[in-house]
Protein chains: 4
Amino acid sequence: MPRQVDREARRGEILAAAVRVFARHGYADSRIEDIAREAGMAKGSVYLYFSSREDLLRAAFDGMSTRSEELIAEVGRHPGDTSERLAFLVRSVLALLTRERDLARVLLDVWSAGARKPAWVDMAAFYQDYRAAVAALLDARDEDGTEPSVAPYEHATVLVGAIEGCVLQWLFDPSVDLATLAEPIVTLLVPRTR
Amino acid sequence: MPRQVDREARRGEILAAAVRVFARHGYADSRIEDIAREAGMAKGSVYLYFSSREDLLRAAFDGMSTRSEELIAEVGRHPGDTSERLAFLVRSVLALLTRERDLARVLLDVWSAGARKPAWVDMAAFYQDYRAAVAALLDARDEDGTEPSVAPYEHATVLVGAIEGCVLQWLFDPSVDLATLAEPIVTLLVPRTR
Amino acid sequence: MPRQVDREARRGEILAAAVRVFARHGYADSRIEDIAREAGMAKGSVYLYFSSREDLLRAAFDGMSTRSEELIAEVGRHPGDTSERLAFLVRSVLALLTRERDLARVLLDVWSAGARKPAWVDMAAFYQDYRAAVAALLDARDEDGTEPSVAPYEHATVLVGAIEGCVLQWLFDPSVDLATLAEPIVTLLVPRTR
Amino acid sequence: MPRQVDREARRGEILAAAVRVFARHGYADSRIEDIAREAGMAKGSVYLYFSSREDLLRAAFDGMSTRSEELIAEVGRHPGDTSERLAFLVRSVLALLTRERDLARVLLDVWSAGARKPAWVDMAAFYQDYRAAVAALLDARDEDGTEPSVAPYEHATVLVGAIEGCVLQWLFDPSVDLATLAEPIVTLLVPRTR
DNA sequence: TATGAATGAGTATTCATTCAT
DNA sequence: AATGAATGAATACTCATTCAT
């Protein structure tokens, strides 16, 4: 019997290596061989777990999107009113990306690749869901009937945009302190519950 | 010097063709031959005006950044108080990108490539200048000494981020109406002058 | 020695599986893994019985050539005169290949590989022996001293060629009825004993 | 303007080089690089004229089949009765292959590849046409109403088979004198006109 | 014996760039 | 200036074979 292997664990190791390499050189300049070396194995072994180089990038995106969805689900269980929940979301997302800097850097490649291949990764759906979740929270806040100055869906678009746009700036320029930006975003874009 | 004029015009045609091709397939999947064909000339001729494929992407970015800088300069000459100037900036940027959709799509590739090669295109500097200009406007507004709830530079980061983040969402999903998002951004993030 | 018997049986199973796979996809497009799966075992196990992929093809050829030699030997024991013996040979060969269609299809690969590697499989010797056996039969018929219109060895070459050439056509086109071709070959190429 | 090139001539040179290389090592063991070197050019240049390695093999077959068809057409214009025409066909085919030994050696690869990929090269159709042409000649001979001992189509199959089968033996064993075999084949398989 | 995970040599193909005309 | 034929470096992926268990 051959060496017993935990396929999922092995897959995870390779993916983690790939994320590190993608973060370092960018997807376009990352060679399968680099990834294999980073994972401490031979080129061919990568293909036992991933069907192609592109498959690795997709898996990286899947990981991110899964985490995001978990985060959004967690927000629903967060104590406090909707303002507090939105604040929690903003802080959590930025904290997550600050922590997982490599994953965040890969975002740039995922964005670029995802925009061209809707069949490959449904970026549109991902952001639609994201906006919808935020809009639902914003809307809940207005149950009292007060008319907000900005419609919830547009407000959600701007809030989501501000998060992503701050991440973008941080990726280009590490002197931008991402974690610290949570408070300005909350202050400016999360309406206080009356 | 008619030769000189010709040369610039030819360069412009090629760059425009490149932008169309990049927008369609993405930089990674755009071949020099595609660009030459789109520009109605032979492959080799492209090299008489651009030194490499990457040079075309850089030129596309240069075009964008020049336009942005012009826009920012224009903002300074815009009549009205700082709130109106900021509103004008937001509207102008979004209108520009809505109009130049191809250029906007190339942004994804520029971001991705720019993040890896600081020497190639100084994305950090570009956004630093962008933020600085916005922060200056925000700061001007507070000359009276009132303490704003969010420091100007952070506020600028969030405002710039919101713009870029809304563009991002629009690029993935054309059902997001970019031009229309100007008002929510203005309402939410441009402080009204007292 | 039951172990020994087991071993031979196992080898036979694998070889049979290989022949089926080779017949289906051709040697060039047959993977060791396909053969192992067809034989109901793991890839590595194949190597316990055959030293390489090529070894399987050689073994397939060996099987065919052994059968052919048996057939030729049997012809010597066949009752009747030489005409009848030759007729029996033609019919037997064509019947054998009709029955073992998979083996026949592998012939194409064996021919192709065999022509390049004399050391690997001695195709030249095989056909030399084949022709010699047929020529001997043809010659025997002429013991009376009558001069035949075609020398025995050349006649044998044409007869063997006709058999192989009919097989070839049948392999390309199943609508060619191989078994039925035995009679035309016999009529045209096996001289009647006077 | 770039160097002027006769595309057809260049294609021909490369194909000729490919045939030499295929003849030497067999298709399976021929590298594109070997072919390029044999043709005195760089690897990439081969792809300016042929879309793939397989395309080269197909082109080799196309060349052969075109020549064969020309030969068959020529037979129709050959003076003499049908016996003489058939004899001419047999002699011409064997002379052609004797002359073009490299092309003949590639036959083995073409047979092997062609049998697996009907869409790629229609071997069945090629031999059907071949048989039909020969059968037509055999049939013409019987216009007087005499019943032949073997039906024309089967006779044609055997005659075509004998030719191919002799070629096969010659390919394995150069001591088989192919050109010389024309007479035995004619004597044995081409019915004399009464 | 049997297994199947791991290996890494091997190669077809692509395409940016060059340069002779 | 313009062309497009030629180049050859670069690389994803395959798969026969090995070997630890």
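In what follows, chains carry the letters A, B, and so on, assigned in the order in which the sequence lines appear, proteins first and then strands, with residues in each chain numbered from 1. Bear in mind the structure is a predicted one, so any value in this text is a computation, not a measurement.
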Heavy atoms under 4.0 Å, any strand shown: does A/Tyr49 hit a base, just sugar-phosphate, or nothing? sugar-phosphate
Using a strict cut-off of less than 4.0 Å between a Lys/Arg side-chain nitrogen and an Asp/Glu carboxylate oxygen, indicate whether A/Arg105 and A/Asp102 qualify as a salt bridge. no
Provide the Watson-Crick or G-U wobble partner of F/dG8, both distances under 3.5 Å; none if there is no partner. E/dC15
Residue-phosphate contact under 4.0 Å: B/Arg7 side-chain N/O, F/dA1 OP1/OP2: yes
Is any side-chain N or O of A/Arg31 closer than 4.0 Å to OP1 or OP2 of F/dA12? yes
Using atom CZ of D/Phe50 as one end and atom P of E/dA12 as the other, report the distance to the nearest whole Å. 16 Å
Less than 4.0 angstrom from a charged side-chain N to a carboxylate O is my criterion; do A/Asp6 and A/Arg11 meet it? no
Is the ring pair C/Phe126/C/Phe61 parallel, tilted or perpendicular, if the boundaries are 30 and 60 degrees? perpendicular
When A/Ser52 and C/Tyr47 are each assigned the nearest nucleotide of DNA chain F, the 5'-most assignment goes to A/Ser52
Nearest-Å distance for atom pair CZ/P, residues D/Arg37 and E/dA12: 12 Å
Between C1' on F/dA5 and CZ on D/Arg11, what's the gap in Å once rounded to a whole number? 16 Å
Could you give the CD-to-P distance, from D/Glu33 to F/dG8, as a whole number of Å? 10 Å
Checking A/Arg53 against A/Tyr27: charged group under 6.0 Å from the ring centre and within 45 degrees of the axis? yes
Nearest whole angstrom, please: distance from the C1' of E/dT13 to the CG of D/Asp34. 16 Å
Atom-pair distance (CD1 on A/Ile32; P on F/dA10), nearest Å: 18 Å
Give one of base, sugar-phosphate or nothing for D/Leu48, where a contact means two heavy atoms less than 4.0 Å apart. base
5' precedence on DNA chain F between A/Glu54 and D/Ala42 (nearest-nucleotide basis): D/Ala42
C/Arg37/C/Asp34 salt bridge by N-O under 4.0 Å criterion: yes
Atom pair distance, as rounded to whole Å: CG in D/Leu56 and P in E/dA12: 11 Å
Taking OP1 and OP2 of F/dA2, is either one under 4.0 Å from a side-chain nitrogen or oxygen of B/Arg10? yes
Among F/dA5, F/dT17, E/dT7, which is the nearest nucleotide to the side chain of C/Arg53? F/dT17
Using a cut-off of strictly less than 4.0 Å, decide whether C/Ser45 has a side-chain nitrogen or oxygen near OP1 or OP2 of E/dT3. yes
B/Lys43 (side chain) and E/dT17 (base): donor-acceptor pair under 3.5 Å: yes
Of D/Ala28 and C/Val46, the one whose closest nucleotide on DNA chain E sits nearer the 5' end is C/Val46
